[in-house]
Every structure is written in C-alpha cells, then in structure tokens.
Amino acid sequence: MPAGTTRRALLLATGAALAGCAAPAPISSRTSGTDPFTLGVASGDPWPDGFVLWTRLVPDRLAPNGGMPAAADVVWEIARDPYFATVERSGTVRTQAASAHSVHVEIGGLAPARDYWYRFRANGHASPTGRARTAPAPGTLPARLAFVTCGCNHFEHGLFTAYRHIAREAPDFAFHYGDYIYEYGTYRGPLPRARLHEGAMCRTLDDYRRRYAQYKSDPDLQAAHAATPFVVSYDDHEVANNWSREYAQSSGDDPAVFLARRNAALQAWYEHLPLRAAQRPTAAGTTMYRALAFGDLAAFDVLDTRQYRTRQPCGDAMQPACPAMDAPQAQMLGPAQESWLFDRLANSRARWNFLGQQVAMMRIDGGDRIFNMDSWAGYTAARGRLHAFLAQRRPSNPVVLTGDWHRNWIGELKADYDDPRSATLAPEFLATSISSDGDPAPDGPRRARVLAANPHLRHYSDRRGYMAFELTASRLDVRLRSVASVVRPDAPVETTARFSVVAGDPRVHAA
Ligand SMILES: [Fe+2]
C-alpha cells in the first residue's frame, strides 16, 4: 500500500475500476449490443442491516421500452469483498415492463457499519460492481460519519465532473437534495450548452423515462452511484418548475392535468433511483419523507417540501414582500409531515439531527425586501412553527441541509431575522449545484448586497460542486468542494472554504 493510501481510497480505486469508470462510453452515442446495464447500478437508503439495490435493464435507451422485448430474470449478489470471493447473499428478481424493467432489492440481515459490494447479472451480462455501506447499529456512537450533499445536475448546463470527485471521496452516503433531472426541452438561454437534452419538455411517463435514461447514461453520475449509497429526495424539476401540491405553471390551470403529469414523473423517479418500496408512488402520490439513523450519532430526516405545499404567494420566484407570505394557513410540509417531523425531533436520542430538504429555510433577503417565494420565505407561518419548535423544544444539534439555489449559502436560522442578537436556532448549509447555471460569472454587486441584507449569512459563493461533511460527536466539519469548470472535461476539484459547527452551539464558524 503506497504511503498515504487509506483503506477507503484503496477500496474506492478497486470499486471504481470494477465499475468501469476508467473508460467511460461516449454519452451521446446510441448504445450497441445487448448489455442491459447501460444505466449503471446504485444503492440507497442505508439501514443498519442493509440497503436497497437498484438497476434498470436498458439495452438501448433510444428504443421503445429501452430495448427490452420481454421480462427478464436478474440475479443479484452481495459480497464482503470487491472480488466476490465470499458471496454473502444472492437472489433473483423478474423485471416487469410496467416498472420499465427496473430492479429494486431491499437487503436485510447484513452487519452494521461495514462495506459491501454488489452486482447484477442478466441476459448473459454482468453489471458494473457497486460499493454500499450499512449504517451503524442503534445504540452505538460511531467515531465519525462522512457524507456529501449534492443536487441540481442540469445535463445541458454542464458536465457532471463533480460526481466523479464524489466517487473518489466515497463517503458513507450522499444526500441528493433534488433536481436530479430537468424536465425542460432544449435549453435556449444565454449559458453555453455542454450537451443537449433529447426530446421536448417532459409531460408523459415515456418522456420522463427517456430523460432519466439520458441523465443516467453519464459515466460520472454512474461512478458516484457505484461508489456510495445515495439518499435521494426530489425538488421541483423531477416534475415541473416550481410545482406545488396541485399546480405547476407549465401544466396550465387544470389540477387533473397536473396530477396526471406528476404521477408519471414520480413513477419515473422511483423507477430510476435506489428507493425502498415505502416510496413507491400510487395514484395518491408518494411518501417521500422518511427517517434514517446512523447510530446515536445522527438522525437524518428527509423532508418533502413540494408535494404538500400550498401554492406560492405574491407570484412565484423573486418577488417583493406581500401580505400573503404571512398567511397563517399556508403550508410547506403539510400537517401530517409537520407533526411527523416534530415527533421525530422531540423523541430523538441522536447527538445530531439533520433535516435534509430542498429550498432555503433561513430568510434570505435578495435586497430591498425581495424574497424567493418558492422557498420557505413564501411560507413564514410554516417556518415560524418550525423555528418556534426548535427554540422551545431544543432538539440536540439540529442542522438543515438544503439546495435549489445553485449557489453555496451558509448561514443560521434565527428566532427573529430582523434582530441579529436574537437566538440562533440551527445552522443551514445550502449546497451549490453539480452543474446547473454552468461556470460562474464574476461576482456582481448582488453578492455584497445580499450579505449586507442578511447578517445571519456567513458565506455566499458561486461555484459548481458539492459539500462534504465529516461528523463526530463533538463537531461537524464542512468542506466546500468546487470544480474548476463544468464545460472543460476532467476539471479538478478544490476545497474553496471550510466551516465547522461545535456540538452545543448552533453558530457556524469559518475554519
Ligand atoms: Fe435546480
């Protein structure tokens, strides 16, 4: 083992080589041959005794049904080593056309807090090998937990190089905050296009399936999935821009039209990601919000800020403040999810309590009292209830993890945003995009204006990448990982800032 090589790095290098990331296939070329594993493999939602394994059989993603003429048997194997010398568990599942020949296998009975390797076989082909990791056992206090937060990977705005760097880090898990796909047709805005969407705006199940298949043909995204379990949520673009409970602008005003589209989108979301059966959609939607736990060190509550929210007030997107922002009946989580969350936090025995969600929770004034009405700013009564709960019940070390804005924002939830001396309730780490909005433009006057208008903001930067977290019982360390470019292939990644939070003190410190 070369000096400085960690066990994790070695494991990852082995896994990455097995996953075939060293020689990725061209993204845009039509798949030839009959290899059905062209979309890669994935694991997700680690529990102490297992995780879910995913793949989808797609011999030809441009052909009807992904080129699958009929159902097929898929063999799965899990081993304690990347060479499968000791196969721990195996089984066979039969695919169905109704679920696009996707495979979801929920594994149990494994040992906690350890690495496993998995692969599939079908139609005479073997899949790439993936590495997963079980969560620590309940009642234990693991020495450390490493995870990343990422999302907003617009295919046309940039290359997914940041995902390759996530694969190299091989954290214990990755939280994807949403915008795994973008539903739009061809981008025609001012940014340079790194590559092109196939097809027009997604509206049908077939449209969404094809869009996921195009995104998942990306070798860097496949490498990230093969290297670490993902905990996925969704934000708006898995369905339609800025959707709420029963409305999206691009579906028109008939709720039935939108809900049919939403159901198609959620079905494709489930088919392409490592989700448990509990998240399988029905005609009523999906229960995406759910709880994960990493021993007594961390509880991780995944929130759904889309499916139950009332429609944005004051007009959508950035708007001047208006009275409807403060409507008491406005909902962000909806009553059922909100009480579930409060119960979780009230009864949690975890040292740290993470809320993995989508849109900015802390108030961000864009200057002159202009707010993003698609964020929690448009739902101040709902935000106030959550803030009051944190202030009064004081769950142990709450931390909010967010995305959506395509920038790095780091700040603090405040009891009163107009009073900087008011209580600090929790840190919020809003991670930038993998590729959305492309390479950054030079800082304009907006950055200084926003920092001045929001004294609880500790950091604002415009780079593409992800956030990497390392957690112990006593502190949370955060690195902002930024790629040099999403237009130029093979761009390196660098750490552009570091922050920390000390247990018992919700303030964010620059490191
Ligand atoms: Fe986005």
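In each ligand, atom 1 is the first atom listed, and ligand 1 is the first ligand listed.
For the side chain to side chain donor-acceptor pair (under 3.5 Å) test, no residue two or more places apart in sequence or in another chain qualifies with Thr287. Every residue two or more places apart in sequence or in another chain that forms a side-chain contact (heavy atoms from CB on, under 4.5 Å) with Asp404 is listed here: Asp235, Val359, Asn372. For Tyr289, there are no side chain to side chain donor-acceptor pair (under 3.5 Å) partners, not counting sequence neighbours.
Here the rule is side chain to side chain donor-acceptor pair (under 3.5 Å) with Arg290, and of Asp45, Asp301, Asp304 only Asp45 fits it.
Nearest approach of His157 to Val486, heavy atoms of both residues: O-CG2, 3.9 Å.
By the criterion of a separation under 2.8 Å, the protein N/O/S atoms near the Fe ion (ligand 1) amount to Cys152 SG, Asp179 OD2, Tyr182 OH, His406 NE2.
Taking the six-membered ring for Trp and thresholds of 30 and 60 degrees, His272 and Trp54 have ring planes inclined between 30 and 60 degrees apart.
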